[in-house]
Number of protein chains: 2
Amino acid sequence: MKNYEQVLVALRRVIRATDLHSKRLSKHAGLTGPQLLIMRTIRDLGEVTIGTIAENVSLSQATVTTILDRLELRKLVYRVRSTKDKRKVHAHLTEDGADLLARAPNPLQEDFIEKFQNLAEWEQTMILASLQRVANMMNADDIDASPLLTVGSVLKDDGWKEKS
Amino acid sequence: MKNYEQVLVALRRVIRATDLHSKRLSKHAGLTGPQLLIMRTIRDLGEVTIGTIAENVSLSQATVTTILDRLELRKLVYRVRSTKDKRKVHAHLTEDGADLLARAPNPLQEDFIEKFQNLAEWEQTMILASLQRVANMMNADDIDASPLLTVGSVLKDDGWKEKS
DNA sequence: CTTATACCTCTAATTATTAGAGGTCTTTGC
DNA sequence: GCAAAGACCTCTAATAATTAGAGGTATAAG
């Protein structure tokens with residue numbers, strides 16, 4: 001399994017669904033969960049458009065826009081309109097933003113990627129499937145508890161239901 | 001009749017419909033008809049958005065955008081994105097643009113407004129109705145020649161068909 | 001515990017830009 | 001003169017970001 005990004009997305013969905021994002025993270029460095037999430041996305045992906053951020057953190061463009069407004073007000077990020085396509089806007093971290101982010105704790109993602117990649121492939125697949133199952137359960141209106149996971153079913157089935 | 005703008009719009013439509021805009025004006029000052037039209041709109045209306053320009057010259061926003069691109073390339077206009085509403089963009093004339101526009105002949109609009117306002121109201125109404133009739137005829141696929149203008153009908157009927 | 005404040009989040013509407021296609025006019029080469 | 005090329009003009013449809021408006025949650029203050 002090459003892309004651990006799916007795992008991260010699944011993790012984020014679990015975090016949001018369980019309200020960890022707000023209760024656990026809001027104190028640290030004065031940033032809320034979504035704010036941290038977005039700032040990390042900007043740092044990790046480099047020159048990103050609003051749309052790309054939204055896609056990566058599973059939020060609407062409108063939501064990302066308003067959160068960026070607040071971050072920009074605090075001089076933690078800034079926007080640059082693309083010259084090649086003037087519809088697009090790139091978000092960047094300011095130096096202050098990068099500093100703050102570096103000091104902010106990241107209990108969930110800290111060297112997670114490195115460790116995850118050292119796992120056996122079948123184990124990675126199993127973990128991903130489990131996370132997806134949890135995330136789907138959180139977001140589902142009617143929780144269907146019947147289909148139990150088996151290693152066999154996991155290895156066959158790659159996709160997972162998108163958020164309703 | 002307070003607004004002579006309707007008369008100007010009607011005039012512009014006649015000009016476009018008869019291709020005067022390109023044949024007669026394109027030589028002067030190196031500007032084409034639509035370019036002149038748009039630059040005058042910017043000068044006369046002050047801080048205008050793209051949408052307002054489009055409305056005033058009866059062109060689509062997309063068309064105004066591309067024409068402004070060419071004018072901006074020649075440093076005759078510049079754009080400023082509104083800080084109050086970041087969707088909006090204001091167009092301005094550069095000094096070069098204002099100079100060029102001042103030297104450009106304006107055979108159709110030169111002190112037209114002042115003279116027009118000195119006419120009697122019924123006469124203004126009559127002229128507007130006539131222009132609208134001509135403009136509508138130009139744009140109509142099937143020209144209906146039957147209804148002749150009368151002073152009575154003109155004074156009653158205020159609206160006119162929008163361009164199809 | 002209630003109220004106020006500050007976030008988060010969404011959908012729908014708005015504004016500008018771009019893509020793509022088709023048209024006209026002017027210039028250039030023959 | 002005439003054909004071809006290049007530069008405009010113009011539109012509709014698609015795309016990107018923002019805003020408006022409404023509803024929800026969490027934190028702070030009394």
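Note on naming: letters A, B, ... go to the chains in the order of the sequence lines (proteins, then strands), and numbering restarts at 1 for each one.
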In whole angstroms, the gap separating C1' of C/dC25 from CD of B/Gln35 amounts to 13 Å
Contact under 4.0 Å: A/Arg79 side-chain N or O vs D/dT18 OP1/OP2: yes
Length of the line joining A/Ile50:CD1 and C/dA16:P, which is rounded to integer Å: 19 Å
Over all strands shown, is B/Thr49 touching base, sugar-phosphate only, or nothing at heavy-atom distances under 4.0 angstrom? sugar-phosphate
Side-chain donor/acceptor of B/Gln61 to backbone N/O of B/Ile50, under 3.5 Å: no
Just to confirm, is there a sub-4.0 Å distance from OP1 or OP2 of C/dC7 to any side-chain nitrogen or oxygen of A/Thr32? no
Let me know, please, whether B/Asp85 or A/Ser82 comes out on the 5' side of the other along DNA chain C by nearest nucleotide. B/Asp85
Specify the separation, in whole Å, of atom CE of B/Met39 and atom P of D/dC8. 15 Å
With the side chain of A/Pro34 defined as its heavy atoms from C-beta on, choose the nearest nucleotide among C/dC8, D/dC11, D/dT10. C/dC8
Picking from D/dC9, C/dA16, D/dA17, the nucleotide nearest the side-chain atoms of B/Arg81 would be C/dA16
Between A/Thr63 and C/dC10, is there a side-chain N or O to OP1/OP2 distance below 4.0 Å? yes
Within this structure, what is the CD1-to-P distance between A/Ile67 and D/dT19, rounded to whole angstrom? 15 Å
Measure from CG on A/Leu68 to C1' on C/dC7 and round the result to the nearest Å. 15 Å
Return no unless some side-chain N or O of A/Gln61 is found under 4.0 Å from OP1 or OP2 of D/dT15. no
What is the separation between atom CG on A/Leu59 and atom C1' on D/dA17, rounded to the nearest whole Å? 16 Å
Nearest non-hydrogen partners of B/Ile42 and B/Ala91, listed with the distance: CG2-O, 3.6 Å
Side-chain atoms of B/Arg87 come closest, of C/dA13, C/dC10, C/dT18, to C/dA13
On a heavy-atom basis, which atom in A/Tyr78 and which in A/Thr94 lie closest, and how many Å separate them? CD2-CG2, 3.6 Å
A/Thr41 side chain to A/Ile53 backbone, donor-acceptor under 3.5 Å: no
Which sits closer to the 5' end of DNA chain D, B/Lys84 or A/Lys88, going by the nucleotide each is nearest to? A/Lys88
Euclidean distance, atom CG of residue A/Leu31 to atom C1' of C/dC7 [Å, nearest integer]: 13 Å
Could you check whether any side-chain N or O of A/Glu72 sits under 3.5 Å from a backbone N or O of A/Arg79, counting only pairs where one atom can act as donor and the other as acceptor? yes
Under-4.0 Å side-chain N/O to phosphate OP1/OP2 contact, B/Thr65 with C/dT17: yes
Rounded to the nearest angstrom, tell me the gap between atom CD1 in B/Ile38 and atom C1' in D/dT10. 11 Å
Counting side-chain heavy atoms from C-beta on, which of D/dC8, D/dA16, C/dT18 comes nearest to B/Arg70? D/dC8
